[in-house]
> 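One structure, pasted below without further comment.
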Amino acid sequence: MKFFVIKSVLRAVFPVVFASALSYAAPVGSDTLLASFTAPESSSGCHVLWHWMNGHMNKDAITKDLQAMNRSGYTGALIFNVGVGIPIGKVEYGSAEWFELLEHTFDEAEKYGIEISLHNSPGYSGAGGPWITPEKSMQQLVWTESRLEVGLNGTSSNSSITLKEPLRKLGYYQDIAALAYTSLPEENGAVFRDAVQTIKINDTEVPLDVTQGIRFDAMLRVQSASATIDITMKSLFTASAISIFRFPEIPLDTFDGARDYPATWTLTASNDSTTWKTVTSISSPALRKFDAPAVGTFSPVVARYFRLKPNRASWISGIEIHSGPRLDNWALKAHASAGSVADPARIVTTTTSTINPDEVVDITEFMNEDGTLNWKAPPGRWTIVRFGHTATDQEMPAAPESGEGLSVDLFNTEALDFHIEKHIKPIVAAAKGHVGRSFRGLEIDSYELGLQTWSTNFREEFKKYRGYDMGSWLLATTGRILTSALETEKFLFDLRTTHADLVAKNHYAHFRKALNDMGVLLLAEPYGDGPFDSMEVAAEADLAFGEFWARYTYGSDGYPQIGTSMSHQEGYTLNPAEAFTGQPMTARWTEHPYSLKAEGDRMFTLGVNRLMLHSYAMQPEDHAMPGMTMGPFGAHFDRRITWTDQATGWTTYLKRAQGVLQQGRPVVDVACFGREEPDPKVTQTYLAPCSVPLGYGADILSKSKLLEMTASNGRAGLPSGVSYKLIVFPVMNAASKEVLEKISELANAGVGILLSGSPPSRGLGRSIATGAGTDENVIAAGIELWNKTGNGNVFNGTATNTTLVSLGIEPDFTFTSDTNDAAIYSIHRVVGDSDVYFVSNGLRKTVQSVLSLRTIAGVPELWYAETGRRISAAYERKNNRTFISLTLNPAESVFVIFRQANPSSSLVQASHNGVSLLQTAPFPSPNPALYKNTSVDFSITFWAKPETYRRGGTGYVFYPPIGATTYGSGHAAVGFGLGTNGFLLSESSTSTPATFLEVAIPISGWTHFAIVYTANIPVVYINGKVAGTGKKSSSIVHPGVGTPDSTSQMINRFEGDQIGLKVHPSSLTIADISDLFENDLPEPVAPPTIEILDQKNNLLFRQNGEYKFSLSDGKAKSFNITGVSSTAISGPWTVSFPEGYGVNSNITLDKLQSLHKNDDFDVAHFSGTATWTTSFNFSSRSRTSSRILLNLGRVDNIAQVFVNGKDAGLLWKPPYELDITSYVKSGSAINSLVVEVTNLWPNRLIGDESLPVEAMFNSTNENLAVLEFPDWYLNNQPKTGERVTFTSWRHFESDEPLYESGLLGPVNIIVAATRSL
């Protein structure tokens, strides 16, 4: 119970940190819940990832960054010192000057209310730096093979030979052991390096170096897929396996971690070099610095000639063909290759040629340091393996140049202690009195360091954890088979598990304890590509959290669930996430609060409750715009973005939302057990094998947490208080006895158990002392468990949703809506005696919905974190559920709060002139076959405004269902993806969408699209003109519009706005399409016709007419509304621009339009905040029962509104509407209207590319960093040259499409009526 021990320590050291970051809040009442919404504390605010770029830093920059964070509403920062391709600056990492700047940071952060944490080392992953020497760095197991014949066929009885030294990296190597065994029948000749005669590439003989071991100094280069590597042996050679070592390819993106491009090889063999027989295919693993081989195993082949052919260019650092058999996929199973073992019970190798571990001879004592062996070997043929370890040479990823160094040994506490003494303690000392105040913690970021397989202490640690000595079994790490393939598999499972245990205990847990002793928290993103288990590592951090990327890249939904699950299971309420990390092409200053909101809200529904925004690059000077970047990566939140001072609308929303979401405890129904196999990746609960429907709360469950569980009232619980009604298990072909017995224990106590497949056929490891059990134990325990199937709470093979229904667990949240493709997500918490649902609209369109919630206690209210408004809900209760009518504006979210109160009559239905506006009766369920009767000849038209680059199969304006499933065999559905760089038309027939037409074409601003199918041939029109024609489909094609929401759509949605999407049941003509285009862009969708204003059921009406209302007590009420009006403010408008942003004079607009369409170059390319000014009259009338609203129509991107000189509010998402009743002058008085609109940087950056070059940049597709900073930049002087902008990374070309910009309108003054129910 380490967590509770640490809790007491942390409370004593810094109680404020602990209370705000880790503990479950004590039971709270409605007043505390309300306060978290109306007056959230600073702990509810957003944090940023603050990137200090390659030595470009100073005190003034630090202060100004912190001041800007405070202005923007950010309350914390996690500091990373990184390089990422940026030219080196003056400050050396870890120097006295660097520590002085760190001290200044803590002082200033305290002043401005910013919490500071740091990545523990230079770079953005792991622990280490220049002070880590090779012997203290990550280690890899290495070996060489030799043969010795004693007293056979006239050979000498003298057994003195020299064993070849294995790989030595960085000048470091240490022997481990020398093991000898009687050679197997296949090992009847010389080892490979001694048996090779020649090696040729494309018939050109090359040196034999790569056949003599791994040789980085003599690598071979295979230039293309047409190359051949021919290996000629001195005589016939028996081959049973092959290992190919490579050097990583140079990544196209040099600054995004490891981006290797591994080849796949085909091995053929011949006896005459003419007739070739295919032996096997070998897939190379992607590499970091660990030398992971590509391995292939096969039935023995006897040949003199061997040929390798790659499928792409590749380096080769070593080749070894093995005579003796090897275990199938042995490198992966020995952690010598990245990945996780899919099924540890899958035994492929069937050879009977195995090594008896009892007959292996340890001859280490007879070997000198130089490898000379003086062993009096018994007569016979011996195979000898010399084992050692060397450094992996893994450096800290993305470290600043002055901080480049090795990553510390993950298995060895002494090495980690050295790192702590050399680097961590000086950091804590620099914090002085700020520990627990402005300095909170040190972090280990997502793991990007690759593999480690050994350490100086590994053999002893293995025995401690597994209960037996490795001894002869060390041979199994080379792929050799001892006793049997099954027993070898078991040993390798023990090996992998020990690796994982050591990373968790000797690295993360040891690091945590050392930090806690200094009063500092250990934060961690506990996942990646290393030799560990993500959930077990997560449990060893004080605060584990995940990440998600802007535009849903890199498996974004999965990572936050690690933090969510761990916060639930460890009992802390805070669950941060690195937020909106952006790829170069999709996050180049194109993001703004509205564009980010739906994705951020989606993460809230996965349990995240603090966003840590990536990236906030330190700006080391005062004149460059947008200035310094974190290399190519976004998203951009630093003080040089255009909307730094306009961020508060969004950050205030986030602070309210996070304030509520950090309260109370979660409501979860399902736990998804990962596997006993250590896995550094993540399980996504709504994907197979868990497949938990979105309406249920679900967590990921590790082995250690499963074993901690106890049952009560049919639920499996943990000490933190979280409990689960159902636990879902994957197929377990192999398992441990302790896990099976724990599942049976929970099943016997009534906990729901969902199994899959057949009972396990064997145990996992060789160590029965650690709970694994013998095979007989495991088989018996498995049969006993599986025999419980059908007893009412144990199931096997049923769908998760079916199982939940069988257990009587209704969905916690469902909805129906007026649109077929609505995407509404939710999460449920309990705060004191209140139930709290957070509900979000995942689409940028208005959705009228009816929620169905499992909670029936209390009276629901709607709390809108965007505005702070709290209103009564229209609801009714039926069938033990609460049904709530909810209209959600584009990307809008709301809290549904059930607070204890006396139920009163509630609104259940409303209509306007006979048309339903509000209802608590559910809408019809989504129809997957919406266009069953529309196919072959049809059209789809719409207007769209893409806001980012479309990459791959993403950006879907509408996503197609699988045609064969939806409409029948031979049918397909069409989808359409769109970005600023062009469009993709795809069809889905039997699987995921396949590309039918892809056109690269710049798309700028609002654009009209028409997709016309005629006899199954698609033609795409843009603004009335043909943009592309596809091939005729072999399927019967249907429109893919309105597809019900699914997990595949979540990560592939269109990034931008669209309106007017319509399916036409016929093929439109060119004239039809031209007419639709000429009719111009439709006006924005208006806000709801009626709106509940408060908790007293006061209503606002935006249209005249007859309104009828039905209440839950059977009563009815009606209003005949008159006097509602709308008056256009048509202008003229004066637009003024700030000095220094490229526009030298004001302009006048008679009609509102986007600035990017202006004829003036500088106006069209303006980026920043411009001011629209006009005036209007407002006729005098009674305001007793009315509200005066200002609706701005369309805005790109953020508007600050002033009426008669008074600040009327900030608008950052639609509807762009404000209540200006208290600001307007009536009668003949002139009202002034000033709208300050802030757009984004791309337009000016694109425009500046047409002006003379002022700095030199790299020019490859993926490396566009500035080569050298200008003198004015380095000396903090005013910028020189014609360009307005300067940045450290060149993201745009001059011919790229411009973005909508400014106040687009139409602007209207609306007089709305108010009434009370």
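Hydrogens, waters and symmetry mates are skipped; everything else that's a heavy atom, side chains included, is used.
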> I'd like to know if Arg381 pairs up with Glu149 as an ion pair, taking the criterion as any Lys NZ or Arg NE/NH1/NH2 lying under 4.0 Å from an Asp or Glu carboxylate oxygen.
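A salt bridge is present here (some side-chain N lies under 4.0 Å from a carboxylate O).
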
> Give me the ring orientation class for Tyr447 and Phe532: parallel if the planes are under 30° apart, tilted from 30 to 60°, perpendicular past 60°.
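Aromatic pair Tyr447/Phe532 classed perpendicular.
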
> Looking just at side-chain N and O atoms, do Asn202 and Thr204 make a donor-acceptor pair shorter than 3.5 Å?
no

> Could you tell me which non-hydrogen atom of Arg168 sits nearest to which non-hydrogen atom of Gly171, and how far apart they are?
NH1-O, 3.3 Å

> Show your reasoning for whether salt bridge (charged side-chain N to carboxylate O under 4.0 Å, His left out) applies to Asp194 and Lys234.
CA-CA 9 Å; Asp194 296 330; Lys234 295 174 181 176; over 6 Å; no

> Just by distance, with hydrogens left out, do Ser736 and Glu676 show a side-chain donor and acceptor under 3.5 Å apart?
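Per modelled atom types, Ser736 and Glu676 side chains form a pair under 3.5 Å.
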
> Between His507 and Phe511, how do the two ring planes meet: parallel, tilted or perpendicular, split at 30° and 60°?
perpendicular

> Is the side chain of Thr364 donor-acceptor paired with the backbone N or O of Ala178 at a distance under 3.5 Å, no angle test?
yes

> What is the minimum heavy-atom distance between Phe298 and Thr280, and which atoms define it?
CD2-CG2, 3.7 Å

> Around Lys309, counting heavy atoms of other residues, nucleotides and ligands shown, do more than 12 lie under 6.0 Å from its NZ?
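More than 12 within 6.0 Å, yes.
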
> Would a 4.5 Å heavy-atom cut-off, applied to side chains only, mark Phe237 and Val301 as touching?
no

> Does the pair Arg215/Asp217 count as a salt bridge with the N-to-O cut at 4.0 Å?
yes

> Start with the C-alpha gap between Thr354 and Thr488, add the side-chain angles, then the distance that decides, and say whether side-chain contact (heavy atoms from CB on, under 4.5 Å) holds.
CA-CA 10 Å; Thr354 61; Thr488 306; over 6 Å; no

> Distance alone, cut at 3.5 Å: any donor-acceptor contact between the side chains of Gln197 and Tyr305?
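No, no side-chain donor-acceptor pair sits under 3.5 Å.
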
> Where do Val142 and Pro166 come nearest, in terms of heavy atoms and distance?
CG2-CB, 3.6 Å

> Do Phe290 and Met138 touch side chain to side chain, with heavy atoms closer than 4.5 Å?
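Answer no - side chains too far apart.
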
> What I want to find out is whether Glu145 reaches Arg326 closely enough, with some N-O distance under 4.0 Å, to be called a salt bridge.
yes

> Is it the case that the side chains of Gln394 and Thr392 hold a donor-acceptor pair, with the cut-off being a distance below 3.5 Å and no angle test?
no

> Of all residues at least two apart in sequence or in a different chain, which pass the side-chain hydrogen bond (donor to acceptor under 3.5 Å, both in side chains) check with Ser353?
Glu186

> So that I can tick it off, tell me whether Arg193 and Glu320 are bridged by a salt bridge, with the cut-off set at under 4.0 angstrom between side-chain N and carboxylate O.
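No salt bridge links Glu320 with Arg193.
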
> Counting distance only, does the side-chain N/O of Arg147 pair as donor-acceptor with the main-chain N or O of Gly189 below 3.5 Å?
yes

> Indicate whether the side chain of Arg466 and that of Thr498 have a donor and an acceptor atom separated by less than 3.5 Å.
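There is such a pair between these side chains.
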
> Could Asp494 and Arg766 be called an ion pair, given the rule that one side-chain N must be under 4.0 Å from one carboxylate O?
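Here Asp494 does not pair with Arg766 in a salt bridge, since their nearest N and O are not under 4.0 Å apart.
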
> Checking Arg304 side chain against Met233 main chain: does a donor-acceptor pair fall under 3.5 Å?
yes

> Taking the side chain as every heavy atom from C-beta outward, state whether Thr144 and Glu165 have any atom pair closer than 4.5 Å.
no

> Mind checking whether Lys333 and Leu327 have side chains closer than 4.5 Å, heavy atoms only?
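Heavy-atom side-chain distance check passes, below 4.5 Å.
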
> So, Thr453 and His499: side-chain donor and acceptor under 3.5 Å apart, yes or no?
no

> Rounded to the nearest 0.5 Å, how far does CZ of Phe366 lie from OG1 of Thr372?
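Here the rounded value is 14.5 Å.
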
> For a 4.5 angstrom cut-off between non-hydrogen side-chain atoms, does Ser240 reach Thr297?
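SC-SC contact between Ser240 and Thr297 ruled out.
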
> With rounding to the nearest 0.5 angstrom, report the CG to OG distance, Asp409 to Ser455.
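Between Asp409 CG and Ser455 OG, I get 3.5 Å after rounding to 0.5 Å.
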
> Atom OG in Ser407, atom CD1 in Ile132: separation rounded to 0.5 Å?
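Answer rounded to 0.5 Å: 8.0 Å.
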
> With distance as the sole test, does Asn368 use its side chain to make a donor-acceptor pair with the main-chain N or O of Asp370 at under 3.5 Å?
no

> Apply salt bridge (charged side-chain N to carboxylate O under 4.0 Å, His left out) to residues Asp775 and Lys490 and explain how you reach the verdict.
CA-CA 11 Å; Asp775 287 349; Lys490 288 184 175 184; 2.5 Å; yes

> Can you list the steps and then say if Ile282 with Val295 is a side-chain contact (heavy atoms from CB on, under 4.5 Å)?
CA-CA 6 Å; Ile282 310 110; Val295 299; 5.5 Å; no

> Are Arg246 and Asp260 close enough for a salt bridge, meaning some N to O gap below 4.0 Å?
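So Arg246 pairs with Asp260 through a salt bridge.
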
> Do you know which two heavy atoms are closest between Gly128 and Pro122, and how far apart they sit?
O-CD, 3.4 Å

> Taking all non-hydrogen atoms of both residues into account, name the closest pair between Pro310 and Ser224 and its distance.
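Looks like CG-O, 3.7 Å.
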
> Distance under 6.0 Å and angle within 45° of the ring axis: does Arg307 meet both against Trp276?
yes

> Quick one: are Thr266 and Leu308 in side-chain contact, heavy atoms under 4.5 Å?
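They are not in contact (no side-chain heavy atoms under 4.5 Å apart), so the answer is no.
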
> Under the 3.5 angstrom rule, does the side chain of Trp382 hit a backbone N or O of Pro378 as a donor-acceptor pair?
yes

> Using a strict cut-off of less than 4.0 Å between a Lys/Arg side-chain nitrogen and an Asp/Glu carboxylate oxygen, indicate whether Glu249 and Arg221 qualify as a salt bridge.
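Salt bridge flag = yes for Arg221 with Glu249.
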
> How would you list, by chain and number, every residue that makes a side-chain hydrogen bond (donor to acceptor under 3.5 Å, both in side chains) with Ser183, sequence neighbours excluded?
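Partners of Ser183 under the side-chain hydrogen bond (donor to acceptor under 3.5 Å, both in side chains) test: Thr383.
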
> Is it true that Glu536 and Lys703 have a side-chain N and a carboxylate O under 4.0 angstrom from each other?
no

> For Ile768, does the CD1 atom have more than 12 heavy-atom neighbours from other residues, nucleotides or ligands under 6.0 Å away?
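Open: at most 12 neighbouring heavy atoms sit under 6.0 Å from CD1 of Ile768.
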
> Could you tell me whether Glu460 and Lys463 have a side-chain N and a carboxylate O separated by less than 4.0 Å?
no

> Answer yes or no: is there a donor N or O on one side and an acceptor on the other, between the side chain of Thr390 and the main chain of Lys169, under 3.5 Å?
yes

> Sub-3.5 Å donor-acceptor pair from the side chain of Asn412 to the main-chain atoms of Lys136, do we have one?
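Pair absent, no side-chain N/O of Asn412 close to backbone of Lys136.
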
> Scan side-chain atoms only and decide if Asp175 and Tyr173 contain a donor-acceptor pair under the 3.5 Å cut-off.
yes

> Using a strict cut-off of less than 4.0 Å between a Lys/Arg side-chain nitrogen and an Asp/Glu carboxylate oxygen, indicate whether Asp393 and Lys289 qualify as a salt bridge.
yes

> If only side-chain N and O atoms count, and only distance matters, is there a donor-acceptor pair under 3.5 Å linking Gln139 with His389?
yes

> Does atom CD of Glu414 have more than 12 heavy-atom neighbours, drawn from other residues, nucleotides or ligands, at distances under 6.0 Å?
no

> Using side-chain heavy atoms (C-beta onward) and a distance below 4.5 Å, is Ile176 in contact with Leu141?
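Contact flag for Ile176/Leu141 side chains = yes.
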
> Measuring from Ile481:CD1 to Leu486:CG, what's the distance to the nearest 0.5 Å?
11.5 Å

> Hey, is the main chain of Ser125 close enough, under 3.5 Å, to the side chain of Asp445 for a donor-acceptor pair?
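No.
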
> For a 4.5 angstrom cut-off between non-hydrogen side-chain atoms, does Ile355 reach Leu184?
yes

> Which distance, rounded to the nearest 0.5 Å, do you find between the CZ of Phe458 and the NZ of Lys464?
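Reported value, rounded in 0.5 Å steps: 12.0 Å.
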
> What closest approach, in Å, do Gln452 and Leu410 show between heavy atoms, and which atom pair accounts for it?
OE1-N, 3.0 Å

> Only one of Ser284, Ser314, Ser281 clears side chain to side chain donor-acceptor pair (under 3.5 Å) with Trp265; which?
Ser284

